[in-house]
Protein chains: 2
Amino acid sequence: MTSTEKNISPAVIKRLPRYYRYLGALKQRNITRISSKELSERMKVTASQIRQDLNNFGGFGQQGYGYNVENLYTEIGKILGLDKSNEMIIVGSGNLGQALANYRDFNESFGYKVVAMFDVNPKLIGITVNGVEVRDIDDLEDFIKHNDIKIAALTLPQDQAPKIAKSMVNWGIKGFWNFAPVDLTLPESVTVENVHLAESLMTLTYNIRSREE
Amino acid sequence: MTSTEKNISPAVIKRLPRYYRYLGALKQRNITRISSKELSERMKVTASQIRQDLNNFGGFGQQGYGYNVENLYTEIGKILGLDKSNEMIIVGSGNLGQALANYRDFNESFGYKVVAMFDVNPKLIGITVNGVEVRDIDDLEDFIKHNDIKIAALTLPQDQAPKIAKSMVNWGIKGFWNFAPVDLTLPESVTVENVHLAESLMTLTYNIRSREE
DNA sequence: TAGATTGTTAATCGATTAACAATC
DNA sequence: TAGATTGTTAATCGATTAACAATC
């Protein structure tokens, strides 16, 4: 992953998983090739955007032919880091944490693997969720270091999230999938992907209202 | 809500809930006024952007003074549709649906209220989650119509989501909070807010990789 | 009043779309 | 070869930032 790569805009990155999803669906239907034009019609974006986006990463297509579905699927998977297994932990084992542990849609499907869960609550410590044990949060440091964990889902209450996240960075975590309704301020070298559920629900109600007239 | 309003860009709308969150925090700390400059430092955006964003909706500030926190909080709440109670249903009562029903962060906090849950699974029908009964999905049409429900969280498997969503539009649903990993194609009058969890996790792994060098 | 800070216009920057030569 | 479709450059569009007159 030596970075000869130019910096790719976040807007492009955010679209990649959607391309990946569509290509996966095409693959499953045994469609072997697709042009940017046809894909653009299915996805309701411009063909130009598809070609521009993909060309950030290299010429995956062929003039006069289009793109090979299988190949493009694999290549985008590589770009997204799905070519290797991604071990992750879930910190905060309440309802949301447990739902994530059970969620088939990324677990199993794309090489993500939840290897441990953590909580402070003695009632939760020791239970097993989808085959994964909930451990005492006091064991978090050891576990991250010994197992070289890089990815953590944060499903903790808002007030606990920033402090524990800071520690986790020191222990080796490189990316947070943050569900706590708070902005984590962390070193540049660390990535945070926020899933702010309440905020997305608010934009929904805004949009409903604005269409009522 | 008569639409004298010019069309506001989605980028602006997406930022409103974050302003709202910061203002809520300021309010709780009994801070009564704030300038765009100071808010911009806390939020790590430009003061210019804050002023531009807010001015889409009217002059909430005062020259030489800044913004009244309480007032601005209330006004943004109104814009987002939080001034009235928002009743919603959850369609799909598996792990994720149940986690949402239990999730304090929007439930209770901002006037959203889950009034019913639905599922096809006989094992789930009849149970109660956080005081909300899981009903047979056959009762969905009646429930939506009789209770004038406008908002639905879709936490169904991907293959069931598009069909049921289409029916729900006919029954009166105006906005979907869609957790199924699929794009819903629905009439213009209907709003869809997607929470594509697997896709956000993929952008996380991309970003982790791209910082490794 | 003087200082501060907004609301708003103008300038810049970046992202999207269009166009087309290259080429399979 | 002729037709199709990419890769890529140029044009357009929109969003962000800078600047400053208005005004509290």
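All chains are named by letter (A, B, ...) in the order of the sequence lines, taking the proteins before the strands, and each is independently numbered beginning at 1.
- Across all strands, A:S48 comes closer than 4.0 Å to base atoms (heavy-atom distances).
- Spacing between atom CD of A:Q52 and atom C1' of D:dT5 amounts to 15 Å, rounded to whole angstrom units.
- For B:I13 and D:dT16, the CD1 to P distance is 12 Å, given to the nearest whole Å.
- Toward the 5' end of DNA chain C, the nearer of the two residues A:V45 and A:G64, judged by each one's closest nucleotide, is A:V45.
- Contact annotation: A:T46 side-chain N/O to C:dT16 OP1/OP2 distance is not under 4.0 Å.
- One interatomic measurement links the two molecules: CG of A:D53 to P of D:dT6, which rounds to 14 Å at whole-angstrom precision.
- Taking only side-chain atoms of B:Q49, from C-beta outward, the nucleotide of D:dA22, D:dT17, D:dT5 with the closest atom is D:dT17.
- Distance OH (A:Y65) to P (D:dA4): 16 Å, rounded to an integer number of Å.
- With rounding to whole Å, A:N55 atom CG is found 12 Å from D:dT5 atom C1'.
- Of the candidates D:dA19, D:dT6, D:dT16, the closest approach to any side-chain atom of B:R51 belongs to D:dA19.
- A side-chain donor-acceptor contact under 3.5 Å links A:N130 to the backbone of A:A101.
- Ring geometry for B:Y20 versus B:Y73: interplanar angle under 30°, hence parallel rather than tilted (30 to 60°).
- Shown here, D:dT6 forms a base pair with C:dA21; the pair counts as Watson-Crick or G-U wobble because both key distances fall under 3.5 Å.
- Across the strands present, C:dT12 finds its partner in D:dA15; the criterion is a Watson-Crick or G-U wobble pair with both atom distances under 3.5 angstrom.
- The distance between atom CG of A:N7 and atom P of C:dC13, rounded to the nearest whole Å, is 17 Å.
- The side-chain hydrogen bond (donor to acceptor under 3.5 Å, both in side chains) test with B:D183 is passed by exactly one of A:K44, A:R18, A:R42: A:R18.
- Side-chain nitrogen and oxygen atoms of A:R15 include at least one within less than 4.0 Å of the OP1 or OP2 phosphate oxygen of C:dT16.
- Distances shown here put a side-chain N or O of A:Y67 below 4.0 Å from the OP1 or OP2 atom of D:dG7.
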Next item on the list: Go through B:Y206 and A:T191 one step at a time and tell me if the side chain to side chain contact (heavy atoms under 4.5 Å, CB included) criterion holds.
Entry: CA-CA 10 Å; B:Y206 171 87; A:T191 301; over 6 Å; no
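- Ring-centre distance between A:F106 and A:W177: below the 6.0 Å cut-off.
- Nucleotide D:dT6 holds its P atom 13 Å from the CG atom of A:N68, rounded to whole Å.
- Taking atom CG on B:L54 and atom P on C:dT8, their separation rounds to 12 Å, with Å as the unit.
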